[in-house]
Amino acid sequence: MKKVLILASGNGSNAENISKFLKKTDSGNQIKVLCNVKKAAVFEKMKNLNIPCLLIKNSINKCLIKECRDFQPDLIILAGYLKKIPIDLIEFFKKKIINIHPSLLPKYGGQGMYGDNVHNQVLLNQEKETGITIHYVNEKYDRGEIIFQKKTSLQNDETLNTIKAKIKNLEMKYFPIIIYQLLYVRKH
Ligand code: GRF
């Protein structure tokens, strides 16, 4: 039985998808979600899945450290979590904190590069391809060691919405599989 801690700040479609996948695998995983935004849609999604989802507010980093130390997760997953992870946690859970980023890092990563900002830049630069990157988290935004990338090609008539849909498809398909591999297959 593995313990998985998911951190989210918003919609929670990845948190939901990962949770459904892990529940289906029948390996008896224990999942807990933390969110730092009170009205985030992730709360409702987790409620429907019967998965605990806690609001972390005020001294967010202190709360986070306490939750991590108490829960002792095997893997910490950032799924749209927009705050920086405190350095103590990064050191304590080395190679146990992963993030998904909606571009082919190192392109379009770093502070301020999240959500539509990423895809708008991709559009502006008329990129011929984009994709997703799953990586370990270190002290620099979007700069930790890359675990997995998947590309998708872009046509001349792409819009923000078509790019978002392509990226969402990749996230839904690959993120849970990589998480499963990290938990049960890969040695890291
Ligand atoms: C995803 O696009 C992910 O790549 C990025 O944040 C977004 C989270 O979406 N890190 P959701 O909250 O899981 O729907």
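Order of listing sets the numbers, starting from 1, for every ligand and every atom in it. FYI, the numbering just counts along the sequence from 1. Please read these numbers as outputs of a predicted model, since none were measured by experiment.
Comparing G12, S103, G80 by heavy-atom distance to atom 12 (O) of ligand 1, the nearest is G12.
Set against the non-hydrogen atoms of K168, the atoms of ligand 1 under 4.0 Å away are 9 (O), 14 (O). Each of the atoms 4 (O) of ligand 1 lies under 4.0 Å from some heavy atom of P102.
For ligand 1, one of its N or O atoms has an N or O atom of N11 under 3.5 Å away. Taking distance alone, with nitrogen or oxygen atoms compared against 3.5 Å, I100 approaches ligand 1 more closely than that limit. In terms of N/O distances under 3.5 Å, ligand 1 is approached by S13.
With respect to atom 4 (O) of ligand 1, the closest heavy atom belonging to the protein is E171 OE2, 2.4 Å.
Using cut-offs of 30° and 60° on the angle between ring planes, the pair Y174 and F148 is tilted.
Side chain of K166 to main chain of S153: a donor-acceptor pair is present (N/O by atom type, distance under 3.5 Å, no hydrogens or angles). The main-chain N or O of L82 is found under 3.5 Å from a side-chain atom of S9 such that the two form a donor-acceptor pair.
Nearest heavy-atom pair across M172 and N14 is CE-OD1, 3.6 Å.
Atom NZ of K84 has more than 12 neighbouring heavy atoms from other residues, nucleotides or ligands inside a 6.0 Å radius.
Between F93 and C68, the closest side-chain pair of non-hydrogen atoms falls below 4.5 Å.
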